[in-house]
**Q** 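I'd like to ask some things about the structure below.
Atoms within each ligand, like the ligands themselves, are counted from 1 in listed order. Everything numeric in this text was worked out from a predicted model, so none of it was measured.
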Amino acid sequence: MSDNRDADAKSTQQIHHEYVPPPGFAAVAPALHRASTVLFEDVAAMRASHWLDKNTYTYGLHGTPTSFTLEARLATLEGGTHAMLVPSGLAAIALVDQSLLSSGDTVLIPANAYFPNKSLAAHELARWGIAHRFYDPMDVESLRAALGDDVKLVWIEPPGSVTLEFPDLRGLVRAVRAHAPRATVALDNTWGSGLAFDAFDLDPGATPALGVDLTIHALTKYPSGGADVMMGSVVLRSQALHDQLALTHCRLGLGVGPNDVELVLRGLQTVALRYAAQDAATRRIAQWALGRKEFVRVLHPATSGSPGHAHWAAQCRAAAGLLTLVFDPAIAPERIDRFVDDLRLFGIGWSWAGPMSLAVPYRPDSGRVGDYPGTLVRLSIGLEDAGDLIRDLESALEGLARA
Ligand SMILES: *Cc1c(COP(=O)(O)O)cnc(C)c1O
């Protein structure tokens, strides 16, 4: 269940995170620094500088005090020790794949994963001689069967991107550790955001700790919160793995702009509170949806009857702001498109976790909805009043009845 004390702790951590302001200028907000060139004291200092250890500044692409501050706060948020920034959440997935996989290796991806992760594997990775296999994240045995000596990387993504099934995270990680001890376990933490569960400590009290090796996060979503910035991160606990990824990051020339870093730093101060508010509103809307005859299923990990609800309840303290409605298959997909058009408060658009609620319909033949026979509408609940959103949904459903 959502635990307010924990949300307060995360907020408090972000707002009071260590920051040393310039002498005599103790503003609450960290300063925004921008640079390509960073000057060295002398040639000896230039020769002695090592960008990888982050104790010195060497070049804009290798980080500024502003980007290092954001990295430190993200590592805290997700329970890691190191972080790096990339231009989008998808770029974070690509960085991990490119850094950890070589020709002849195989990556495992959950069948219900974020579609561009699969697309990257099917096109770019395939061209480089890297294979991929899908597994059913709701069946630990399916993952175990897909593991082999060729598997160097396993992606986990809770919950499913559109269908929101919540997997047994502990079971999946244990299967990889037992049957492919050399494989790296990467978790897409965009939905959990470091708030719903601890990716690096999935079974508190277990020794040794049970956790993934790294997380990626679309900062575009909750950390930004404004629907106005694209950024991604990789968070880790291992120095060796960090160094490997950081070298690839450097060689690829991946950097982020200082203004965007500033926006995400600002967003992080309210991420826990926004997440909790969106979570609470989404639960209320899910309960309302259970009482409507137009929907044959309400997919939302914290709602009983949703696939993987028991896993969610055993592993999570919060549930984000996504909710997918499975319409009665008797309702024609064109009428559901009209239902989405008729919504006044829900925008039609990609992404989620911003202030404005969004709705996207997925037809059964879209290849993204598993075996559900009817059209699905995924709602991202924003920061509007939940009662207003329910009234908007009701009025669009009235239009559906008349159509
Ligand atoms: C949005 C999203 C991404 C990609 O983030 P972008 O910043 O839009 O590239 C990756 N994974 C998940 C689960 C997402 O929802």
Side-chain angles (χ1 to χ4, degrees), residues 70 74 78 83-98 107 109-121 123-124 134 137 153-167 169 172 186-197 199 212 214-235 249 252 254-257 260-261 263-264 267-268 271 275 278 282 299-301 308 312 316 319-324 347 349-354 356-360 362 368-370 376 378-382:
L70 177 56
L74 288 168
E78 297 197 40
M84 60 196 86
L85 305 173
V86 289
S88 68
L90 183 54
I93 295 172
L95 170 65
V96 171
D97 283 350
Q98 205 167 350
V107 54
I109 302 172
N112 58 3
Y114 178 63
F115 187 76
N117 183 341
K118 299 185 192 176
S119 183
L120 175 68
H123 297 279
E124 307 309 317
F134 297 117
L153 177 63
V154 177
W155 282 103
I156 299 179
E157 182 185 324
S161 186
V162 176
T163 38
L164 304 179
E165 305 86 351
F166 204 94
L169 296 173
L172 295 176
L187 182 139
D188 185 329
N189 209 11
T190 303
W191 180 91
S193 284
L195 297 162
F197 58 88
V212 302
L214 66 89
T215 62
I216 72 96
H217 194 164
L219 308 179
T220 309
K221 307 271 174 46
Y222 286 107
S224 139
D228 54 1
V229 56
M230 306 285 314
M231 201 180 294
S233 60
V234 180
V235 169
H249 183 270
L252 292 174
L254 297 172
V256 296
D260 290 343
V261 171
L263 284 173
V264 178
L268 278 179
V271 68
Y275 194 95
Q278 287 168 319
T282 307
L299 306 178
H300 173 255
W312 174 85
C316 294
L322 290 180
L323 160 74
T324 296
W350 304 115
S351 198
W352 32 276
M356 184 188 289
S357 293
L358 302 173
V360 176
Y362 293 89
R368 302 210 190 180
V369 303
L376 275 59
R378 189 180 72 180
L379 302 179
S380 154
I381 303 306

**Q** So which heavy atom in the protein is nearest atom 6 (P) of ligand 1, and how far is it from that ligand atom?
**A**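 Minimum-distance protein heavy atom for atom 6 (P) of ligand 1 reads Gly89 N, 3.3 Å.
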**Q** Look at the side chain of His249 and the backbone N and O of Leu85, then say whether any donor-acceptor pair between them is shorter than 3.5 Å.
**A**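 Yes.
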**Q** Strictly distance-based, threshold 3.5 Å: is any side-chain N or O of Thr220 a donor or acceptor partner for the main-chain N or O of Met231?
**A**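 Yes, the answer is positive, given that a donor and an acceptor are paired below the 3.5 Å cut-off.
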**Q** Minimum distance, heavy atoms only, to atom 4 (C) of ligand 1: which one of Trp352, Trp350, Tyr114 is it?
**A**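 Among Trp352, Trp350, Tyr114, the closest heavy atom to atom 4 (C) of ligand 1 comes from Tyr114.
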**Q** Which atom pair, heavy atoms only, marks the closest approach of Leu153 to Ala186?
**A**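 Minimum heavy-atom contact is CD1-CB, 3.9 Å.
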**Q** Ligand 1 and Leu90, any nitrogen or oxygen pair closer than 3.5 angstrom?
**A**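 Yes, Leu90 has an N/O under 3.5 Å of an N/O on ligand 1.
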**Q** Could you check which of Thr220, Val86, Asp188, Ile216 puts a non-hydrogen atom nearest to atom 11 (N) of ligand 1?
**A**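 Ranked by closest heavy atom to atom 11 (N) of ligand 1, first place is Asp188.
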**Q** Does Thr324 use its side chain to pair, donor to acceptor, with the backbone of Leu299 at less than 3.5 Å?
**A**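 Between the backbone of Leu299 and the side chain of Thr324 there is no qualifying donor-acceptor contact (under 3.5 Å).
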**Q** Has the side chain of Arg378 got a donor or acceptor atom that lies under 3.5 Å from a matching backbone atom of Ser161?
**A**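 Yes.
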**Q** Anything under 30° is parallel, anything over 60° is perpendicular, the rest tilted; go ahead and classify Phe197 against Trp191.
**A**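 Plane angle under 30°, so parallel.
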**Q** Identify, for atom 14 (C) of ligand 1, the protein heavy atom at the shortest distance, and state residue, atom and that distance.
**A**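 Heavy-atom neighbour on the protein nearest atom 14 (C) of ligand 1: Lys221 NZ, 2.9 Å.
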**Q** Can you tell me the protein heavy atom closest to atom 8 (O) of ligand 1 and the distance?
**A**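 Protein heavy atom at minimum distance: Met230 CE, 3.6 Å.
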**Q** Got the closest protein heavy atom to atom 5 (O) of ligand 1, with its distance?
**A**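 Atom 5 (O) of ligand 1 sits closest to the protein heavy atom Ala218 CB, 3.1 Å.
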